[in-house]
Amino acid sequence: MQIRLYTTMDRDVREFHPIDPNDVRIYSCGPTVYDVAHIGNMRSFLSMDLLQRVLRTVGGYKVRWVMNITDIDDKTIDGSRVGSARWLPAMGTQTGDVRENLRAFTTYYEDVFRQDITTLGIQPSDFYAMPRATDFIAPMMDLIKDIVAAGFGYVSDGSVYFNVNAYRKHYTYGRLFTIDVEHFREGVRIDADEYDRESVSDFVLWKGRKEGEPSWDLEIDGVPLPGRPGWHIECSAMSKELLGLPFDIHTGGVDLRFPHHEDEIAQCCAGYHVQEQANYWMHNEFLEIEGKKMSKSLGNFFTLRDLLDREYDPLDIRFAMIGSHYRALFNFTIDGLAASVKARERVQDYIYDLADVMAASVITEHRPSVHSLRTSVFAELADDLHTPKALAALFSFMNDHKAVTLSASDAEIVLGVLQELNNVFAVWSFGPRPAVVVPDDVTTLAEQRWAARAEKNWAESDRLRDAINALGWSMMDGKTSYTLEKL
RNA sequence: GGUCCCGUGGUAGAGUGGCUAUACAGAGCUCUGCAAAAGCUCGUACAUCGGUUCAAAUCCGGUCGGGACCUCCA
């Protein structure tokens, strides 16, 4: 099915046409591993997962998905510093080698990150690579040298900067974001470090070494420049190394449009001499909590682990987040999560019911409309990953095609589509209905109640039901048998 | 200061000129000893003011309110 995607480059939805249909290349800006990622980060990664799953399942493409791990920046350096309060015993013992310390610190949080996204149903096997920035220092150095050699970079006080004004004479700077370079607002936070730039619009490619910080030995025109990479350079270099330029889709949070992605493009154009780094640029909106921006000061700052501690099923969190459109602000609320639990469960029950119907349906009439499910739901996913509409289509179908009204073969058809759909949503189970393990005391009470009912002893029957409820179970009477369900 | 986005039913959230979104919650009915589950049915929403139009939640303008970004926050 033809996929349509919104690209920030055009501020519009466009048909997606890959450079090579057998190798759709996606680069996603991943986490900076300085701490446990919060659920806002998680939404971002789930949006990217949704994209690649839709491309595979609905588009029928083969996908090469790269997500970087940023393991060198101010925060990771600070956290790994000798004597850092953020150093945990699980990270091992600090050594005199600051680069080793950095690696131990970031490896710890990288592992946490991998566990978290796996918990949320993102499959590690779907990644082609998750490169760490510090493993690609050499290509970054080469790119920086090429940018300087091309006349778009300069050395100043031990650091290397990108010359935006020189770049703007040959290229457009501000393709993803309308930038008024001439009038950067006074008073907004400017790079905290006191580096010497020629112009406030310039950005750093390579930061000169500071005492006690990890560094690598760059040399330009015979001048040694020990230091470490700037923020933007890693994505330019790694995307080129692992995917080649241009590739198909670049993704990240809305906040990365500028400056990060804009600068990535500038670096690629200036140093690799390409016209485009990527053909489509997709940015997911932020998440807020109970209608407020998530922040530590408001006390509404959650990690995935915080929610799991409250005994929420990670698949419900996945379903809630994936069920909203990635380009709309997502209001994460506890009530909303509870609604998601119910909605997901309803589909799950439908799936179990279909399996039952397949085994024992007495209906023989074929309903041609069962074939509409795949078309209607997939069409919505193909339209810029419109999961809210896809789910609406699914529920509408379920309302019109109750499991008990289907023939065995129709149930099989529907079940097949749902299974395929689950390649995108990945929140439902297609195995047998899980057996309910009922504690003995509950079973005993249930048997007693069933006997009381047979004798039409309603008072005793109601008393026993209350007793069962008190143990956290609910008893439902059928015609010939009863079922027990945990409350 | 600049650039841009958004205000829809109890809640979340689609819809960009005329046709039931959908989900959760809620109400009624059927079924049931009573329930539960299930099935059926239901709500008549679109910040506000004005304009365009046969027709506006949808287009245009004003007002009010909220939000994002503007050099390392996904």
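Proteins get letters first, then strands, A, B, ... in listed order; numbering begins at 1 in each.
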From the list B/A14, B/A35, B/C73, which nucleotide is the closest neighbour of the side chain of A/Ala328? B/A14
Please determine, for the side chain of A/Ala339, which listed nucleotide (B/C69, B/C24, B/A35) has the closest atom? B/C24
On a whole-Å scale, what distance lies between the C1' atoms belonging to B/A21 and B/A45? 13 Å
Side chain of A/Asp462 only, heavy atoms from C-beta on: which candidate in B/C34, B/A25, B/A23 is closest? B/C34
Nearest to the side chain of A/Trp458 - B/G33, B/C24, B/A74? B/G33
Which whole number of Å gives the distance between the C1' atom of B/C24 and that of B/G18? 30 Å
Atom P, compared across B/U44 and B/G10: separation rounded to whole Å: 11 Å
Which one, B/C73, B/G13, B/C72, comes nearest to the side chain of A/Lys75? B/C73
Counting only heavy atoms not in A/Glu447, do more than 12 fall under 6.0 Å of its CD? yes
B/S/- along nucleotides 37-47 of chain B (protein heavy atoms under 4.0 Å) is S-SS-------
Of the options A/Phe162, A/Phe258, A/Trp231, which is the one that meets A/Phe203 in a ring pair (Phe, Tyr, Trp, His ring centres under 6.0 Å)? A/Phe162
Not counting sequence neighbours, which residues clear side-chain hydrogen bond (donor to acceptor under 3.5 Å, both in side chains) with A/Glu285? List them please. none
For A/Asn68 and A/Glu234, does a side-chain donor sit closer than 3.5 Å to a side-chain acceptor? yes
Runs of at least three consecutive Watson-Crick or G-U pairs, both distances under 3.5 Å, are what I'm after; which ones involve RNA chain B? B:1-7 with B:64-70, B:10-12 with B:22-24, B:26-30 with B:38-42, B:47-51 with B:59-63
With rounding to whole Å, what would you report as the distance between B/U8 and B/G2 at their C1' atoms? 30 Å
Compare side-chain N and O positions of A/His386 against OP1 and OP2 of B/G15 and report whether any pair is under 4.0 Å apart. yes
OG1 on A/Thr106 to CZ on A/Arg132, rounded to 0.5 Å: 4.0 Å
Nearest listed nucleotide, side chain of A/Trp231, among B/C34, B/C70, B/C72: B/C72
By centroid distance (under 5.5 Å) and plane angle (under 30°), are A/Phe286 and B/A68 in a stacked arrangement? no
For residues 396-405 of chain A, which residue pairs qualify under salt bridge (charged side-chain N to carboxylate O under 4.0 Å, His left out), counting only residues two or more places apart or in two chains? none
Distance-only check: which donor-acceptor pairs under 3.5 Å involve side-chain atoms of residues 333-340 of chain A, not counting sequence neighbours?
from     : atom 1 : to       : atom 2 : distance (Å)
A/Thr333 : OG1    : A/Gly336 : N      : 2.8
A/Ser340 : OG     : A/Gly336 : O      : 3.3

When you measure from the side-chain N and O atoms of A/Lys389 to the phosphate of B/G13, is any distance below 4.0 Å, counting only OP1 and OP2? no
Verify the distance criterion only: is there a donor paired with an acceptor across the side chains of A/Thr119 and A/Asp116 at less than 3.5 Å? no
Nucleotide nearest A/Lys207 (side chain, heavy atoms from C-beta), chosen from B/U71, B/A14, B/C72: B/C72
Which nucleotide in the set B/A35, B/A74, B/G33 lies at the smallest distance from any side-chain heavy atom of A/Leu287? B/A74
If we ignore angles and hydrogens, is there a donor and acceptor under 3.5 Å between the side chains of A/Thr76 and A/Asp73? yes
Taking distance alone, no hydrogens or angles, what donor-acceptor pairs closer than 3.5 Å link side-chain atoms of residues 385-393 of chain A to residues at least two apart or in another chain?
from     : atom 1 : to       : atom 2 : distance (Å)
A/Thr387 : OG1    : A/Ile322 : O      : 2.6
A/Thr387 : OG1    : A/Ser324 : O      : 3.3

Given the P atoms of B/A57 and B/G51, what is the spacing between them in whole Å? 15 Å
